[in-house]
Every structure is written in structure tokens, then in C-alpha cells.
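Here's the structure, in C-alpha cells; my notes come after.
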Number of protein chains: 2
Amino acid sequence: MSDLYPVSELLSHLAIILVRPKFSENIGAAARVACNMGIERLILVRDQPPDREAMAKLATHKAAHILETMPVYDDLAAAVAPFSLLIGTTARHGRQRALERGPREVVEAVLPDLPQNEVAILFGPEDAGLTNDDLKYCQLLSSIPTAGFSSLNLAQAVAIHCYEFFYALEYAPKVIAPRPRLADSHELEGMYAHVEEALARIDFLQETNHAYWMNNIRQFFARMRLGKKDAKIIRGICRQFLWHQEQKAVTDKRR
Amino acid sequence: MSDLYPVSELLSHLAIILVRPKFSENIGAAARVACNMGIERLILVRDQPPDREAMAKLATHKAAHILETMPVYDDLAAAVAPFSLLIGTTARHGRQRALERGPREVVEAVLPDLPQNEVAILFGPEDAGLTNDDLKYCQLLSSIPTAGFSSLNLAQAVAIHCYEFFYALEYAPKVIAPRPRLADSHELEGMYAHVEEALARIDFLQETNHAYWMNNIRQFFARMRLGKKDAKIIRGICRQFLWHQEQKAVTDKRR
């Protein structure tokens with residue numbers, strides 16, 4: 001792939017987001033292996049500051065710079081805002097989640113988006129993994145194939161994903177047909193907020209089925225691969241609908 | 001591949017050998033990820049007993065049985081004796097070593113041998129890796145492709161190799177044409193000892209070039225893929241030559 005896009009430039013579009021990791025050692029180990037695979041962007045979502053010493057020891061001095069420049073967020077929404085493709089990682093539990101694939105397939109699916117988009121891979125806490133609320137931001141799910149025992153160590157899961165990305169970029173076909181820039185998470189979340197409001201207004205969303213339908217709608221839009229403009233148009237329609245309803249309510253009252 | 005050989009049966013021919021690891025945590029982490037990938041044979045070469053607690057913590061209770069049944073050897077030669085295909089892992093250092101490939105290529109090369117052979121992957125100590133003396137037992141070398149920083153954490157390197165084996169077996173073509181059983185390391189080392197003695201006797205091997213030529217001869221035979229019978233024949237020729245030289249010396253003396 002290096003003919004058209006240098007590998008290092010493509011990798012600069014890729015980030016690892018660690019969501020509420022418990023052990024600082026795992027943050028360090030993730031930094032080290034990301035560095036091994038040429039990925040320099042590690043992002044932490046955690047309300048407590050990590051143990052610097054434990055983290056640095058596992059990172060080794062070679063990956064120290066990754067920890068030094070690592071952004072730390074309280075909140076996942078803020079962390080994912082600039083990304084337009086989010087890959088959620090889950091352990092295989094037998095429960096079927098839509099769109100779930102192995103890392104190799106995910107990498108293959110995402111590669112053509114890498115030149116024009118910011119892509120992040122999300123890893124959940126060691127004990128429980130990403131919640132459904134975390135996964136709502138994700139367009140793709142990745143599960144590492146395993147034998148019976150499916151729970152990998154956090155840094156191992158990071159290693160296998162980084163390795164698959166680096167390997168694909170280093171050895172895959174020399175030319176990719178890049179796909180256009182997609183709407184980023186910030187734009188999408190703004191759109192979803194308006195879609196949600198509009199659907200609630202017409203009682204499509206009710207208390208009991210709210211989460212279920214919003215999840216379906218998110219999956220539907222994820223498949224659509226919306227661009228910035230698409231997200232704007234959909235948002236515009238919802239806004240217009242809401243405004244129209246507002247006006248109607250005012251007129252109805254006056255009658 | 002599961003049609004002809006069940007994945008679990010093929011994986012039972014595969015072992016991970018940790019050669020002089022420094023940190024017991026890494027032994028535990030390796031056991032865990034081996035277990036994740038359905039590999040149950042972990043072998044330790046180490047003259048000091050590991051720290052059981054540190055090891056068990058990283059293995060988690062799911063992989064505890066792997067640690068309990070783990071054979072421990074003082075000596076690498078004894079550990080590799082039953083294996084007929086040995087894969088040595090090395091970090092990329094720019095120095096060209098013969099036969100070096102990435103793990104994916106190594107797995108592809110070895111898969112047809114798995115039904116009829118015992119295969120082991122060797123991992124060296126965290127700081128220095130496998131020595132040339134360790135690597136002499138290996139028919140294949142595997143280096144994980146990396147960006148600039150090539151030194152992976154030991155358990156991460158184990159993870160990537162186990163993952164590649166499991167992935168290939170789980171998802172690769174359903175049918176493999178198995179290749180015959182090769183001579184095991186015990187048989188080969190016996191043969192090499194005789195070859196070495198014979199070559200020394202004719203002054204082909206001298207003090208200054210001894211190691212260099214034996215290394216070349218090992219690489220040559222590694223490419224030959226010797227079976228048990230081949231090793232026996234070569235050994236027989238050397239033995240006969242040595243006996244013949246002995247007789248000649250006796251006869252010469254008598255004259």
C-alpha cells in the first residue's frame with residue numbers, strides 16, 4: 001500500500017481508545033505494542049488518573065512519548081467526537097451482536113476509509129468490556145476468534161488489533177481506492193439527538209422501547225455510511241419537522 | 001480444516017516453549033493467551049522455579065490447568081527432543097538470518113506438517129531473545145513485522161503467534177494434504193553429533209570455522225526435511241566412516 005499512501009501516514013489516522021481500564025499496567029503495555037506497530041495515538045477515558053510508574057514500566061522508554069501525549073477524557077462522547085469510524089471490541093459470548101466480525105475482516109473493511117477518515121478502536125475495561133452504551137458509537141464490532149476461553153487480556157487484544165492493521169498496511173495490495181470522508185461522531189451524535197427528538201414527538205419512541213429502537217436506527221445509519229452533508233440534511237429535516245410541530249401547536253392553541 | 005482434522009486435535013500437536021523467561025508474570029500471561037487460542041501445551045526451560053503467585057494471577061483461573069501440567073526443564077535440548085519442527089522467534093534487528101519469515105507465513109508453511117508431527121514455537125528471554133545456540137534447533141524462524149520499535153513484550157509475541165495458528169486452523173481451507181512425519185529433534189541431534197564427528201575427523205571442521213560450518217550444515221538439513229529413516233541412514237554412513245577410519249588407523253599402526 002506504500003506506493004500511494006505511506007504506511008506511517010495511514011497509521012496516523014488510527015487511534016486506540018482505552019475505555020475505563022482498571023490496571024495502569026495495561027495502559028502501559030498497550031502503549032508499547034501500539035508503538036511496536038507504528039500507532040502513536042493512544043487515548044484514555046478514565047475519571048481517575050492512572051498510576052504513572054506502573055504505566056511507564058510496562059510501556060518501556062521506547063513508548064514513553066505515547067503516554068506523554070495521551071489525551072485523557074472523563075467522557076467517551078468527547079473522546080470519540082472527532083472520529084468518523086469507530087470499531088468496538090467485544091469478547092465472544094455467543095450472544096449475537098449485529099455486524100460482529102473478526103479483526104482481520106474489520107481491518108479489510110476499514111482500510112479504504114483510512115486515507116480520508118479518523119478511525120478509532122475502542123477497548124473496554126478488563127472485567128466487563130464495553131457496555132451497550134459505549135458500543136452505540138461504533139459502526140463496526142470486532143471479536144477476536146478464540147477457543148473456549150474467550151476473555152483476552154486487554155493489552156493482548158490491543159496487540160492483535162494493532163498487528164492486524166500494521167500487517168495489512170505493510171503487506172496488503174499496494175493500491176487502495178480510497179473512500180470519501182464520513183460524518184464524524186460529533187456530527188452524527190448531533191443528528192441522532194434530533195432524530196430521537198423527532199421520533200419521540202410522534203410517539204414512535206416510547207419509554208419501554210426507546211433504547212431498542214434507537215439502537216436499531218443507529219445500526220441502520222451505520223450501514224448507510226453517512227457523509228457530513230448527509231448528516232446535515234437528515235438533521236435539517238428533523239429540525240424542520242420539530243419547528244413545524246411547534247408552529248402547529250401554537251396555531252392549534254390559538255384556534 | 002475441521003472436516004478432516006478437528007481443530008482441537010491439530011492444536012494438540014502444538015506447544016509453546018518459553019526459554020529462560022525472566023518474569024513469572026509473562027509465563028502466566030502466555031498461559032492465558034495460549035488457552036484463549038486452544039493451545040494447552042506450555043513448556044518452561046528455566047533453572048529457577050517461577051514465582052507461582054505472580055504466574056497464577058496473570059494466567060487467571062481459566063488457564064490454571066496449563067500451569068499445573070507445564071513441564072519444566074533445565075536444558076533446552078531435553079525440552080525440544082520430542083519435537084520434529086521447531087520455530088524460533090526473533091525480533092527484527094536488520095541482521096539477516098536465513099529462513100526468517102513472518103508468523104503468518106510460518107503458520108502457512110507448517111500447517112501441512114501438523115497432523116503427523118509435534119511442532120513447538122520457542123520464545124527467548126525478555127531482554128535478549130533466543131541465542132544462536134538456542135536457534136540451532138530450529139528449522140524455521142519467525143519475526144513479527146513491526147514499525148521502528150521491534151521489541152515486543154514476550155506474552156504479546158506469544159499472543160500473536162497463537163492467534164495466527166488458531167486463526168489459520170479455524171478459518172483456513174477445510175482440507176489440508178498432510179505431510180509425513182519428520183525426524184524429531186532427539187533423532188536429529190544424534191545425527192548431527194555423528195556428522196560433526198565425521199567432519200572433524202577429515203579436518204573439514206577446524207577450531208576457527210567449526211560453529212560456522214555446523215550452522216550451515218544444520219540449515220542445509222533443515223531444508224531437506226529429513227524423516228526418521230533419512231536421519232538414520234545419514235547417521236549410519238557417518239558411523240561406518242568413523243569405524244572405517246578407526247580400523248585404518250589400527251592397520252596403519254600395525255604396518
Side-chain angles (χ1 to χ4, degrees), chain A residues 6-8 10-12 23 25-26 28-40 57-66 91-92 101-105 126-127 144-172, chain B residues 6-8 10-12 23 25-26 28-40 57-66 91-92 101-105 126-127 144-172:
Chain A
V7 171
S8 61
L10 287 170
L11 287 173
S12 75
F23 302 109
E25 287 83 356
N26 284 334
R32 176 175 176 178
V33 76
C35 182
N36 287 138
M37 300 299 158
I39 298 163
E40 303 278 317
K57 197 181 157 195
L58 273 283
T60 79
H61 70 281
K62 288 273 193 176
H65 64 287
I66 292 183
R92 289 224 169 144
R101 308 183 218 193
R104 200 166 300 174
E105 298 156 275
E126 290 85 345
D127 48 355
I144 295 171
T146 54
F149 174 36
S150 68
S151 165
L152 268 89
N153 164 272
L154 171 56
Q156 307 278 37
V158 173
I160 287 171
H161 281 87
C162 292
Y163 165 73
E164 284 285 6
F165 261 103
F166 181 74
Y167 193 99
L169 287 172
E170 192 76 8
Y171 295 98
Chain B
V7 171
S8 61
L10 288 169
L11 286 173
S12 74
F23 302 109
E25 287 82 356
N26 284 334
R32 176 176 175 176
V33 77
C35 182
N36 287 139
M37 298 301 158
I39 297 163
E40 302 279 318
K57 196 180 158 195
L58 272 284
T60 79
H61 71 282
K62 288 272 193 180
H65 63 288
I66 293 182
R92 290 224 168 142
R101 309 183 215 192
R104 201 167 299 177
E105 297 156 275
E126 290 85 346
D127 47 355
I144 295 171
T146 54
F149 174 36
S150 68
S151 166
L152 267 90
N153 164 271
L154 171 57
Q156 306 278 36
V158 173
I160 287 171
H161 281 86
C162 292
Y163 165 74
E164 284 286 7
F165 261 102
F166 181 75
Y167 194 99
L169 287 172
E170 191 76 9
Y171 295 98

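Numbers restart at 1 for each chain; the letters A, B, ... are given by sequence-line order, proteins then strands. Below, all heavy atoms of this structure are taken into account, side chains as well, without hydrogens, waters or symmetry copies.
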Heavy-atom pair count under 4.5 Å with chain B, highest-scoring of A:G38, A:S151, A:A159, A:G148: A:S151
Side chain / backbone / both / neither for A:S8 at chain B, heavy atoms under 4.5 Å: neither
Interatomic spacing from OH in B:Y163 to CD in A:E164 - rounded to 0.5 Å: 3.5 Å
Structural part of A:I144 lying under 4.5 Å from a heavy atom of chain B: side chain
Atom of B:N36, atom of A:T146 and distance for their closest heavy-atom approach: O-CB, 3.2 Å
Leading residue by heavy atom contact count with chain A [cutoff under 4.5 Å; candidates B:L152, B:I39, B:V158, B:I160]: B:L152
Worked verdict on A:Y171 versus B:E105 for side-chain contact (heavy atoms from CB on, under 4.5 Å): CA-CA 12 Å; A:Y171 295 98; B:E105 297 156 275; 5.8 Å; no
CG on B:L58 to CG on A:N153, rounded to 0.5 Å: 7.5 Å
Heavy-atom closest contact (A:C35 atom, B:F149 atom, distance): SG-CD2, 3.6 Å
Chain A contacts, top residue of B:C162, B:A155, B:A29 (heavy-atom pairs, under 4.5 Å): B:A155
Residue pair B:M37 / A:A147: nearest heavy atoms and the distance that separates them: C-CB, 3.9 Å
